[in-house]
Structures are given as structure tokens and as C-alpha cells.
Amino acid sequence: MQNDNTLTSKKLTDITGNDFSQAYEEFLKQGDFISLTRQFEQGFTQTGRDNQLSFNVKKAKVSILDTGILLVEPENSTTSVKPSKSIVISSAIHGNETAPIEIVQQLISDIVAQNIQVKHRTLFIMGNPVAMNIAKRFQTENLNRLFCGKHQDIAPCFEKDRAEKLETYVSDFFNAGTDSSDSDVTNYHYDLHTAIRNSKHEKFAIYPYQGDKPWDKEQLSFMAACGVNTILFGHGPTGTFSYYSSANFSAHAFTVELGKVRPFGENNMANFSAMTEKLTALICDEDLLLNSFDNKDFNLYTALGDITKVSNNFKLFIDDSASNFTDYPVDTLLSTDTGEEYRTTQPGESIVFPNAKVGNGQRAVLMVVPTTLS
Ligand SMILES: [Zn+2]
């Protein structure tokens, strides 16, 4: 690390007034962004693009914008490739989903150690540092329901504040990419998660609802190359982080579920190597070596509808331990409620995200059916 990157003469404090300088020096040496983020979970006093927390690596500028927010910008003039992509890679929108955090950490430490050269603008995010520190999905509110302005509808809490900040960082990032280039810039957002329950297909991705736009087959091929060949097509607007980027910035975006939640250090990172390698290739502008799309390489699902809990008489006949994408024969009784019942009607009809403990009027199960793309 070069000397001009040290900040020994500057006193930096976090939002609660704690001295930040030493932790930052440590980060410059070790590249441990998890540690830095967890030490200053509430955020830094000094935020924004033109802050002092910037240093240079291989022909790129690295800036820490806030706790868990790290921006990498390649130098336009010195790279052979013109930056034409703006890429968001996010993790820890749910704080206990550690594998995605470790993937983001791997990429950041490779950048800080100058093992790789980033050629496209990239924004790395560890979304909920408070939840990371208590090893919970969230502290007060599920952050991945609060995007697209839905944070405005809830009472003050860390997640409300954080959702608003994340929207601002992401929107500034995509807007700056468009403003600073005289050519077309393509936006990407991969929001990495792990699931609470088992899944018949270990890894899967939710492709946010696209309205009239077609599903992008090259993006599906990219997902497959990342080791994710089960895709659930979104069926309407939501408050998820990936939908926010897709709907507002036309980003190629996915919520990627990489298997089951485990504590820090208990993830078999070899299981995620394809994801880490392809994300590295994407940000470094290496050949992605994608296969052309073929339905037979995928498990594609489209939403059929929700089983909604209407009253306190709701009964769900799906075991709590049932895996996502478990399918049932036609005419299987899955739930009863006041005056109604739900029976499967389609071959291959399968469940996703079953949860009987929701409030009245909320979705207890998402029903999906296999599909193909023409
Ligand atoms: Zn999650």
C-alpha cells in the first residue's frame, strides 16, 4: 500500500464520535471490510462521494462512502477498456446471511491487495451492519421489504433509515455512471442472499418483475454460469432491493439465494466459487464464457398466485420443514380458511416461502409452476 494512502494526521470519527482512524488504517493493510463495517455499524459522520476515505489501487479509486458501502471507480483515461457497466453487488440485506457477505469480502480484499484490476464502476454493499452484529435477519423491520419508498410507511428504526440511505447511494451510483459517460452504460445489480429453509434446488434467483420487457436470456446464462440455474420470474412490483434497481434504473437485477443460512466461518466457500469467479470476471471485464440459453439447462418457474391467510381459522397443511419448490400432485388440499380451501390445479405446482405465521390478509405461500421461455 502506498504511503499517501495513510491518514495518520487526520482524525476520523464515526457517527457516535468514536475514533475511526486506526480501524481505517487497519482496513488499508488487511482489506477486512467485514471488520470495518461491524465496528462502525451506525455509519460515519463523513459521508458522500467527496470524502477523505479514498485510496488508489491498480488504476482505480476506492472510496468508502459509509459503513458497508464501498465504491470502486476505474480511471477512465488509463484503462484500455472504457467503463461501460455500473455494477452493484450487495450482501447482508439480511444480517445473518453470511455467505454473501464473505463473497463480497473476498472481492474487496482482492481489490485492496491489488490481486485484480477492476475495469467497471462497482458499488459493494453490506446492507445491514446492525443485524450483522446481532446475527439476525434484521433488528426491527425486514429491510428487503422497504425499498421503492416503502420505508416511508413505517415507524423510525435502523432499517427505515438504512433503506433510505441505500436507495440514495444506489441511485447516486447509477446516475453518476450515466452522467460521466458519453456512451451507453448498462446497469447491473446482484443482491446476494441465503435462504432460511431448505430448497429442492439449492441455489435459485428471483428475477424481478419486468412489466412488458422480455426476460433477458443472456442474464439467465450468466446466472447459470454463477451456479444458479433455478429462476423464479417475479409476477409484480415489490419492495425488494433488486426490484428497486430494476424498476428505477433498468438494471439487470436478481435476488440470488445461494443456499442455507449458516454462521460466519461455517460456509463452505468452495460452494460459492463459481459466483465469486464470475462476479470477478464481470467487474474486471474478463470473458464471461457463457453458454447460450437453453431451457433444458434451467428450472424456470412462474408464479401462479398466493395462498393468502384470510382469517384466524387459516390452516396450512404444509410442514414447517417443507423445502422450497416442493411439488404436489393435482388436487392436493394445501390450506383451508373460513369458507374456502386451496387445492392444487396444475401439474408440477410447487410451493415457495411457506409461512403459516403471517398476519391476516398476508401471503402464507407463493404457488409456482414450471415454465419455459420461447
Ligand atoms: Zn435474505
Side-chain angles (χ1 to χ4, degrees), residues 34 37-38 41 68-69 88-105 124-148 150-151 154 157-160 162-163 166-167 170 189-209 223 226-228 230-232 234 238-246 251 253-264 266-267 269 271-272 275-276 279 301 303 320 322-325 351-355 357-358 362-366 368:
I34 296 177
T37 299
R38 293 181 68 174
E41 61 173 27
I69 314 282
V88 176
I89 301 173
S90 56
S91 64
I93 294 303
H94 295 134
N96 61 344
E97 297 176 2
T98 55
I101 302 170
E102 292 181 85
I103 291 171
V104 166
Q105 171 56 46
F124 292 101
I125 294 175
M126 294 183 182
N128 193 336
V130 167
M132 281 167 72
N133 276 338
I134 56 175
K136 293 241 162 73
R137 198 167 155 79
F138 50 83
Q139 184 181 49
T140 310
E141 292 278 347
N142 182 350
L143 186 53
N144 212 22
R145 303 264 184 279
L146 300 184
F147 294 94
C148 301
K150 295 190 193 304
H151 53 81
I154 62 162
C157 63
F158 179 76
E159 283 87 8
K160 176 188 176 83
R162 188 69 171 166
L166 291 175
E167 285 191 352
V170 166
H189 183 173
Y190 301 105
D191 184 35
L192 309 182
H193 289 252
T194 48
I196 307 167
R197 61 180 55 246
N198 287 318
S199 178
K200 192 171 126 188
H201 310 297
E202 190 203 10
K203 299 185 175 88
F204 64 97
I206 301 160
Y207 196 151
Y209 175 64
M223 278 292 108
C226 292
V228 183
T230 298
I231 308 288
L232 172 55
T238 64
T240 64
F241 204 12
S242 67
Y243 180 76
Y244 170 75
S245 294
S246 171
F254 289 90
T255 303
V256 187
E257 301 281 355
L258 291 167
K260 214 170 170 204
V261 167
R262 293 183 210 288
F264 274 122
E266 292 183 21
N267 295 301
M269 292 313 284
N271 192 16
F272 311 109
M275 189 89 226
T276 312
L279 288 174
Y301 289 92
D320 270 354
S323 298
N324 279 329
F325 300 104
I351 56 161
V352 191
F353 309 130
N355 181 4
K357 297 185 193 75
V358 293
Q362 292 186 328
R363 180 180 85 196
V365 193
L366 173 62
V368 299

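When a ligand or atom number is given, it counts from 1 through the structure's own listing order. Please read these numbers as outputs of a predicted model, since none were measured by experiment.
- We find the CZ-CG distance between Phe138 and Asn96 to be 9.5 Å, quoted to the nearest 0.5 Å.
- Checked against Leu192 for a side-chain contact (heavy atoms from CB on, under 4.5 Å), the options Ile93, Ile125, Val256 give a single hit: Val256.
- Two rings, from His201 and Tyr301, have their centers less than 6.0 Å apart.
- Note that CD1 of Ile134 is 8.5 Å distant from CD of Glu41, once rounded to the nearest 0.5 Å.
- If you count the protein N, O or S atoms nearer to the Zn ion (ligand 1) than 2.8 Å, you get 4.
- For Glu97, the salt bridge (charged side-chain N to carboxylate O under 4.0 Å, His left out) test picks out Arg137, with sequence neighbours left out.
- Ring geometry, Phe353 versus Phe204: the interplanar angle falls from 30° to 60°, so the pair is classed tilted.
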